[in-house]
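Here is the structure we will look at, set down as structure tokens.
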Amino acid sequence: GAVHASDVPGTAVMAAKRPLITYTMEILPRGAALRIASPDSEAVAAIHQFLQFQRREHGTGQRP
């Protein structure tokens, strides 16, 4: 609850640039992958901020 009760980095820009962001899902043998992409550099930076926050807060151990 504490993680999602805070402002998540990147989400304001992602919301503002929603029309410029695409989400593509790929089914994999043991799950799925979600590709988030944009031709807009500010949107891409916001996506990176959002994903970095998610990795850190959810303890995935993955590097950016």
Side-chain angles (χ1 to χ4, degrees):
V3 170
H4 297 226
S6 64
D7 288 334
V8 177
T11 56
V13 173
M14 289 174 69
K17 297 197 176 253
R18 174 180 263 169
L20 300 174
I21 300 173
T22 59
Y23 299 84
T24 307
M25 186 178 77
E26 177 185 358
I27 302 297
L28 302 173
R30 297 184 60 179
L34 178 65
R35 181 179 304 272
I36 307 171
S38 178
D40 183 89
S41 61
E42 188 178 9
V44 170
I47 292 165
H48 287 199
Q49 292 171 349
F50 171 77
L51 292 174
Q52 182 179 27
F53 173 84
Q54 293 297 321
R55 284 190 296 271
R56 183 180 67 245
E57 293 301 317
H58 293 281
T60 65
Q62 295 178 346
R63 294 189 290 173

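Just so it is clear, the model here is predicted, and its values are computed rather than measured. One is the number of the first residue; the rest follow in order along the sequence.
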For this session: Nearest 0.5 Å please: distance from the OG1 atom of T22 over to the CD1 atom of I36.
Result: 9.0 Å
Exercise. How about V8 and Q54: do any of their side-chain heavy atoms sit closer than 4.5 Å?
Worked result: yes
Seminar exercise, completed: When every non-hydrogen atom of S38 is compared with those of V44, the smallest separation belongs to O-CG2, 3.3 Å
Problem set entry | Inter-residue atom distance Q52.CD - H48.NE2, 0.5 Å rounding | 10.0 Å
Exercise. Are Y23 and V13 joined in one hydrophobic group, where the rule is that I, L, V, M, F, W and Y side chains link up if heavy atoms are under 4.5 Å apart?
Worked result: no
Exercise. So if you build clusters from Ile, Leu, Val, Met, Phe, Trp, Tyr with side-chain heavy-atom gaps below 4.5 Å, do L51 and L34 land together?
Worked result: yes
